[in-house]
Amino acid sequence: MIILFTVMLLVLLATGLPVGFALGTGGLVGMLLFMGGDGTLNQIPLLAYKSLDDFVLCAVPLYVLMSQILLEGKVGNDLFELGNKWLRHLPGGLGAATIVACGIFAAITGSSAACAVTIGAIAIPEMLKRNYERTVVLGAVAAGGTLGILIPPSIPMILYGAITGESIGQLFMSGVVPGFMLTIFFIGVVVYKSRNLPLEPKASWTERMDALKSSIWGLMLPVIVVGGIYTGAFTPTEAAAVGTVYSLFITFCIYKTLSLKHLPNILLGTVKTSSMIFCIMIGATLFGFVLTILQVPQALTLMVTEMQFSRWIFFIMINCLLLFLGCILETVSIIFITVPILYPIILQLGFDPIWFNVILQINMEMALITPPVGMNLFVLQGVSPDSKMTQIVKGVIPYAVVMGIEMLILCFVPGLATWLPSVVK
């Protein structure tokens, strides 16, 4: 029966039906088959309401709105210029500046797509002008954009916390050290790939300080959001609201890159993205309800405990599953489909759920750059229409390998993900 439902879901997705509707249809069919009766349909609005009835989820549209404001307000331009002025004189300096700008913008917005669009629009023509190989350029921007998932604040981490009940603050902290490490690894890749290019002239200290001064308002945003959470000034949801108000303030009053005429597009983009996320949530809840009726999570947990394999064998299988799903689904869908099933299993296996959150998020980063539906691949093709998809895919391969290496490091040294959450409570 599970195989039948899986096949049905894949067929619905293959028809081009949006993921949320595909999951909801599968859930509806399952409810009619296994519950029956007129009361079945009455369960749908109750389950839909229950899936969204969580104060933590208020943060999702707020972080999306914050991302849209900063995207329209072109805050990323100053961040790229900051990285350029401080790093361009180093080997592969402009590529390193691109990764740094992506990391900072990711920490500000929590949106990988917004990061790839904003930094990509600036960095791609600048790097190509300086004779960087196109695959190197595209790979750096596509991979750098994925840092929005791992570096807090992160919408996928909020969703993970909403499903599992884990502390959002601790989940945010778990991504700081691995996110910093991955940024350094990405810089290492782009520097190695660009080692034979001529060096750029070194910027003066006046130019560097001017760039820092221009970017300071944007750089303060993650400090306010994450710092406010850990000083107890506000909850993660309240932090999202504070960050949104601060974003409006700096883009309207300080940078003056936005005006009232921009608000309709910002709000429309926010509604579209938030609606997509919540639609997937409702569909996944209906589908998960059927799996619960069939006792699939319990059966899988029992199977895992009864089999005599090492827990690391199951861990490898879980990562293979996530990698496969990443090739055909986007991040939010994967989280809502897999986490309710995998969470009790990883607890039963003795893995730390905070540590597993980081492993999951790195897998989600890989999902953004793995064909055929890696979102950042299509974002980059939209930003750089002259680039072929094969060039983009070729460019991201080294970064996908680096992500795999980081996951391996985290398996041997789990404290890299769990130490900071245990210290900052």
Side-chain angles (χ1 to χ4, degrees), residues 1-13 15-64 155-168 171 236-237 270-302 321-322 325 328-347 353 357 360 364:
M1 189 58 68
I2 304 302
I3 296 175
L4 177 63
F5 268 90
T6 303
V7 171
M8 179 179 68
L9 179 61
L10 292 175
V11 169
L12 289 172
L13 292 171
T15 63
L17 193 67
V19 175
F21 290 100
L23 289 168
T25 301
L28 175 60
V29 171
M31 291 167 70
L32 290 172
L33 285 176
F34 298 107
M35 293 179 64
D38 297 333
T40 302
L41 298 181
N42 294 335
Q43 293 290 322
I44 294 177
L46 297 176
L47 290 169
Y49 178 81
K50 184 180 179 181
S51 68
L52 302 179
D53 186 24
D54 189 338
F55 180 66
V56 169
L57 292 177
C58 294
V60 173
L62 288 171
Y63 279 121
V64 173
I155 291 176
M157 287 188 185
I158 295 173
L159 300 178
Y160 179 89
I163 294 170
T164 63
E166 298 291 337
S167 164
I168 303 296
L171 295 177
T237 303
T270 302
V271 169
K272 284 181 177 179
T273 303
S274 302
S275 299
M276 179 270 292
I277 293 172
F278 291 143
C279 182
I280 292 173
M281 285 183 64
I282 293 171
T285 299
L286 296 178
F287 196 79
F289 181 70
V290 175
L291 297 181
T292 303
I293 293 174
L294 297 174
Q295 296 188 325
V296 173
Q298 297 90 328
L300 288 175
T301 303
L302 181 63
L321 171 66
L322 293 172
L325 291 175
I328 58 175
L329 295 173
E330 39 71 47
T331 301
V332 175
S333 305
I334 298 172
I335 289 175
F336 280 111
I337 291 171
T338 61
V339 171
I341 298 174
L342 295 179
Y343 184 70
I345 295 176
I346 63 117
L347 291 180
N357 161 68
L360 175 68
M364 296 303 96

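Here, residue 1 is the first one in the sequence, and each next residue gets the next number.
Between the CE atom of Met281 and the CG atom of Asp54 there is a distance of 7.5 Å, given to the nearest 0.5 Å. Taken to the nearest 0.5 Å, the CG atom of Leu342 stands 6.5 Å off from the CG atom of Leu321. For the atom pair CD1 (Ile280) and CZ (Phe278), the distance works out to 11.5 Å, reported to the nearest 0.5 Å. Distance check, rounded to the nearest 0.5 Å: CG of Leu62 to OG1 of Thr270 gives 9.5 Å. Leu52 contributes atom CG, which lies 6.5 Å from atom CG of Leu57 (distance to the nearest 0.5 angstrom). Here Ile335 contributes atom CD1 and Ile155 contributes atom CD1; the two are 10.0 Å apart, rounded to the nearest 0.5 Å.
Of all heavy-atom pairs between Leu325 and Thr338, the closest is CD1-CG2, 3.4 Å. Taking both residues in full, the closest heavy atoms of Pro344 and Val339 are given as CD-O, 4.4 Å, listed atom of the first, atom of the second, then distance. What you find for Gly27 and Val290 is that their closest heavy atoms are O-CG2, 3.2 Å. Of all non-hydrogen atoms in Ile168 and Met157, the two that sit nearest each other are CD1-O, 4.1 Å.
The one candidate from Ile282, Leu23, Leu159, Thr331 that meets the side chain to side chain contact (heavy atoms under 4.5 Å, CB included) condition with Phe336 is Leu159. Between Pro353 and the options Thr164, Leu347, Leu360, a side chain to side chain contact (heavy atoms under 4.5 Å, CB included) holds for only Leu347.
Taking 4.5 Å as the limit, some side-chain heavy atom of Glu166 sits within range of a side-chain heavy atom of Tyr343. Taking 4.5 Å as the limit, every side-chain heavy atom of Ile158 sits out of range of all side-chain heavy atoms of Pro236. You'll find the side chain of Ile334 reaches within 4.5 Å of the side chain of Met364, heavy atoms only. Here the side chains of Ile44 and Met31 are in contact, with some heavy-atom distance below 4.5 Å.
Around OH of Tyr49, the count of heavy atoms belonging to other residues, nucleotides or ligands within 6.0 Å does not exceed 12.
Although no hydrogens or angles enter the test, the distance criterion places no donor-acceptor pair under 3.5 Å between the side chain of Ser274 and the main chain of Val271.
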